[in-house]
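Data block below; observations after.
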Amino acid sequence: MTNLVFNEMLKLTGKRRLLVIALILGILISVFTYAQYRQAEENRKRFGDVNWRVAMEQRIASWQNRITSSRTPEATRKELEIRMNQQKYYLEYNVNPSEPGAPTFVRGFVKSGINLLLPLMMMIIAADLVSAEHSAGTMKVLLTHSVRRWRILLSKYLALLLSVSLIITLFGLLSAVISGLVFGFQGWGAPVLTGFKVSGGQLDASGMHLVPQWQYILMELGLAWFVSAVVATITFMFSVLVRSTAAVMGIMLACLIAGTILSTMVASWESAKYLFMVNLQLISYLEDAAPPVEGMSLGFSLLVLLVWGTAALIISFVSFTRRDVY
């Protein structure tokens, strides 16, 4: 099995997919770092060095005005009330949620990337793991070896998980290094509030606790790995079922874009919470208490993604071992 996995990793590196992904991540992180730097400079020129507590109090006052406005929808009013109460806890515990430095950039970038950017990177890796063998005509040759089909597919899947782990590691390291060169490397021990929940439309802070920023980032990266592994597994399933790599990428791209759109408009569609693409934003549960749909939680979303990933893996192995590939 080790040799089979090694051969699959050689195929992936030979296609230079991992190198291309590393370059894409490096470029995107540099662009977003520069954009955030310019935005910070522009805000400093316009408003000067505003104390974070003053800025947060102004934000809370702005939200309070929107809540009392008759033009604000009820759903928006409830969400603003939850966020306003969260911000009050930051003031109470004297915790700056935007502590300057690379850790804050990494924290925000991982949260932004978990819903679309990272899944797209996984899609690039997984889309042609099996379908490319059919397109190139190498599947027949591959199956002539005295190796059982399930072992061949398992080696491809293990190579995929190794690639996912490598990409997440690169994502975290490049974010920390590139942003650190611009914003500095301070703030890894700064406290972050987490553990908020919503119960009956009200903020529940009974489980709230402080964690250092480095630990919070590791929690984020762990959740990002889980989401990436599930998306990669579902893409892997389509790669087994559909022999066209372009079709696989089209299906997954449609699912991911639909998930991004649905996440902002499914509050009244309760059954949508069982779709895997609506449950990708796991990091939101760490800091933003309001879920996309009432009744969703971190445990619920983890379970939904686990069920989708397990089902996709079972379908992949059943289809590959039983279907005539000739």
Discussion item. Are the side chains of Ile217 and Trp188 in contact, using a 4.5 Å heavy-atom criterion?
Written reply: yes
Item to complete: To the nearest 0.5 angstrom, please state how far the OG1 atom of Thr194 sits from the CD atom of Gln215.
Response: 10.0 Å
Discussion item. Is there a side-chain contact between Leu256 and Leu280 in this structure, where contact means two heavy atoms from C-beta onward sitting under 4.5 Å apart?
Written reply: yes
Worksheet item: With sequence neighbours left out, which residue pairs that include part of residues 22-35 fulfil the side chain to side chain donor-acceptor pair (under 3.5 Å) condition?
Response: Tyr34-Arg38
Worksheet entry | Partners meeting side-chain contact (heavy atoms from CB on, under 4.5 Å) with Thr104 (sequence neighbours left out) | Glu99, Gln213
Item to complete: Decide yes or no for Leu153 and Thr321: does some side-chain heavy atom of the first lie under 4.5 Å from some side-chain heavy atom of the second?
Response: no
Practice prompt. Please round to the nearest 0.5 Å and tell me the distance separating atom CZ of Phe236 and atom CG of Leu161.
Written response: 9.0 Å
Fill in: Over all atoms of both residues, closest heavy-atom pair of Leu210 and Pro191
CD2-CB, 3.9 Å
Worksheet item: Of all heavy-atom pairs between Met121 and Ile21, which one has the smallest distance, and what is that distance?
Response: O-CD1, 3.5 Å
Item to complete: Kindly state each residue pair satisfying side chain to side chain donor-acceptor pair (under 3.5 Å) with at least one member in residues 157-179, sequence neighbours excluded.
Response: Tyr157-Thr233, Ser165-Trp225
Worksheet item: Any side-chain heavy atom of Leu305 sitting closer than 4.5 Å to one from Leu282?
Response: yes
Discussion item. Quick check against the 3.5 Å criterion: does Thr72 have a side-chain atom that pairs as donor or acceptor with the backbone of Thr68?
Written reply: no
Fill in: Hydrophobic cluster membership, Leu218 vs Ile283, 4.5 Å side-chain cutoff
yes
Item to complete: Can you sort out the partners of Trp308 under ring pair (Phe, Tyr, Trp, His ring centres under 6.0 Å), two or more places apart, ordered by chain and number?
Response: Phe276
Worksheet item: Hey, quick one: are Ile29 and Leu23 part of the same hydrophobic cluster, counting side-chain heavy atoms closer than 4.5 Å, chains of contacts allowed?
Response: no
Worksheet entry | Note, Ile114 side chain near Gln281 side chain (heavy atom, < 4.5 Å) | yes
Worksheet item: At their closest point, which heavy atom of Ala22 faces which heavy atom of Leu174, and how far apart are they?
Response: O-CD1, 4.0 Å
Worksheet item: Is the side chain of Asn279 donor-acceptor paired with the backbone N or O of Leu302 at a distance under 3.5 Å, no angle test?
Response: no
Practice prompt. Indicate whether any N or O donor in one side chain lies under 3.5 Å from an N or O acceptor in the other, for Tyr285 and Ser301.
Written response: yes
Worksheet item: What residues form a side-chain contact (heavy atoms from CB on, under 4.5 Å) with Ile67, not counting sequence neighbours?
Response: Arg77, Leu80, Glu81, Met84
Fill in: Where Ala229 and Val164 come nearest, the two heavy atoms and their spacing
N-CG1, 4.1 Å
Fill in: Residues which pass ring pair (Phe, Tyr, Trp, His ring centres under 6.0 Å) with Tyr90, listed by chain and number, not counting sequence neighbours
none
Fill in: Euclidean distance, Phe238 CZ relative to Met123 CE, rounded to 0.5 Å
12.0 Å
Practice prompt. Would you give the length of the straight line joining atom CE of Met252 to atom CG of Leu120, rounded to the nearest 0.5 angstrom?
Written response: 9.0 Å
Practice prompt. Under the ring pair (Phe, Tyr, Trp, His ring centres under 6.0 Å) rule, collect the residues that match up with Tyr274, sequence neighbours excluded.
Written response: Phe300
Discussion item. Please determine whether the number of non-hydrogen atoms from other residues, nucleotides or ligands lying under 6.0 Å from atom CH2 of Trp214 exceeds 12.
Written reply: no
Response to the item:
Looking only at heavy atoms, the pair that brings Ser228 and Ile168 closest together is OG-CD1, 3.6 Å
Worksheet item: Hey, quick one: are Leu181 and Ile27 part of the same hydrophobic cluster, counting side-chain heavy atoms closer than 4.5 Å, chains of contacts allowed?
Response: no
Worksheet item: To the nearest 0.5 Å, what is the distance between CG (Leu25) and CG (Leu170)?
Response: 7.0 Å
Item to complete: Decide yes or no on side-chain contact (heavy atoms from CB on, under 4.5 Å) for Glu220 and Leu286, but give the supporting numbers first.
Response: CA-CA 8 Å; Glu220 282 191 327; Leu286 296 181; 4.2 Å; yes
Discussion item. Would you say Ile24 ends up clustered with Leu116 if hydrophobic residues are merged whenever their side chains have heavy atoms under 4.5 Å apart, either directly or through other cluster members?
Written reply: yes
Fill in: Common cluster, Leu173/Val110, ILVMFWY with side-chain heavy-atom separation under 4.5 Å
no
Practice prompt. Under the side-chain contact (heavy atoms from CB on, under 4.5 Å) rule, collect the residues that match up with Thr310, sequence neighbours excluded.
Written response: Leu306, Ile314
Discussion item. Do Arg107 and Val192 have side chains that approach each other closer than 4.5 Å (heavy atoms only, starting at C-beta)?
Written reply: yes
Practice prompt. For the pair Ser319 (side chain) and Ser316 (backbone), establish whether a donor and an acceptor sit closer than 3.5 Å, ignoring hydrogens and angles.
Written response: no
Worksheet entry | For Leu118 against Ala224, the heavy-atom pair lying closest together | CD1-CB, 3.9 Å
Practice prompt. Report the distance from atom OG1 of Thr235 to atom CG of Leu253, rounding to the nearest 0.5 Å.
Written response: 10.5 Å
Discussion item. The criterion is side-chain contact (heavy atoms from CB on, under 4.5 Å); which residues satisfy it with Gln36, sequence neighbours excluded?
Written reply: Phe105, Phe183
